[in-house]
Amino acid sequence: MARKGFEKRIEHKIYLFETKRTLREFVLRIGSILLIALGGIFFGIGLIKQLAEQRTFDLLALFQEDKEIVKEFWRDVLDTFYVELPKIPFIVFIFCSIVFLLFVLFFVKNFVKIRNKMRSIISYWFHH
Amino acid sequence: MQSLSDKDVIDQIRQGKIDYFRYIVHRYSSRVRLYVSRRLYNKEEADDIVQESFIAFYKAIERIDPARPVFPYLMEIVKNEMKMFFRKSRNLEQLNENMFSDHKEQELIDVDIERFIQSIPPDQKKALSLVTEGFSYQEIAEKLKKPLNTIRTLIRRGKLAVQKQYRGEKRL
């Protein structure tokens, strides 16, 4: 009986530790994902807006032309597109997109583990 | 519970099934508790160490090699926890200015100790001289540009050396 009580105390401490750790990670990850997503959206919209104001998207109309014309002028069009592209917002947008993708991949890869952990924690606190 | 190997249990815990950890606790807590309680007479402290060891083991579970047996790894953690416990509970006595303020020191007060100071090592002589001049330990530390605890040690050793000489002379 004493042994069972002792084992239960250890179990309680483990669940306490794991709950705090999971909550902390959850808050940090969700906060980071939201920040990255918002940053990406903000810079993405700004990028598109600027390109639209500059009428840079009109350059892409080339690709609706004949194959021969596209073949001849596609490099020039892309060069011009690159020159007109606002670099910093573009880099930030790409960075945010990559990081967001990594977060999503991490979540997908660890989905089973996260689900099991949440189930264990919720089950423990609801039954004890 | 007996049918699952340690490796299977560790694998399940790594999959997020925290409840499997109770298998590890159930299997090894008695042995660990026995080991610790034979070395620590206080039951509560022994139980604390065992609990902290299992928690430390749980925290390290992602890093351990599941193919290797669990018990030796767990015992390493237990031994480290015990080492830390013994280190924390060792009483480090801070040397203070009144450490030798007992009746034996009183006999030095009325005696000219200057002649006894001459034969002690120079750094102790310097420190003790400044004490007789009325400087505090902190002031002496600043004057001699040495740490406070070093000054305390020098003065203590100087006083012991002087006392030894004085008592030696008294016997004669």
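Everything numeric here is computed off the predicted structure, so don't read it as measured data. Hydrogens, waters and symmetry mates are skipped; everything else that's a heavy atom, side chains included, is used. Residue numbers begin at 1 in each chain, while the letters A, B, ... track the order of the sequences.
Only the backbone of B:R14 comes within contact range of chain A, with heavy atoms under 4.5 Å apart. Both the backbone and the side chain of B:F54 have a heavy atom closer than 4.5 Å to some heavy atom of chain A. Within the 4.5 angstrom heavy-atom criterion, no atom of B:Q12 approaches chain A. In this structure, chain B has no heavy atom under 4.5 Å from any part of A:Y124. No part of A:R119 comes within reach of chain B, as not one of its non-hydrogen atoms sits under 4.5 angstrom from that chain.
Contact check for A:M118 versus A:T22: side-chain heavy atoms found under the 4.5 Å cut-off. Side-chain contact between A:E11 and B:V25 is absent, with no heavy-atom pair separated by less than 4.5 Å.
Note on A:D79 versus A:R75: no salt bridge recorded, every NZ/NE/NH1/NH2 to OD/OE distance being 4.0 Å or above. Taking a cutoff of 4.0 Å between a charged side-chain nitrogen and a carboxylate oxygen, B:K126 and B:D123 do not qualify as a salt bridge.
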Output, in order, the C-alpha distance, side-chain angles, deciding distance and verdict of side-chain hydrogen bond (donor to acceptor under 3.5 Å, both in side chains) for B:E81 and B:S53.
-> CA-CA 6 Å; B:E81 288 292 324; B:S53 301; 5.2 Å; no
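Of all the listed residues (B:V50, B:I55, B:D19, B:I18), the one sharing the greatest number of non-hydrogen pairs under 4.5 Å with chain A is B:I18.
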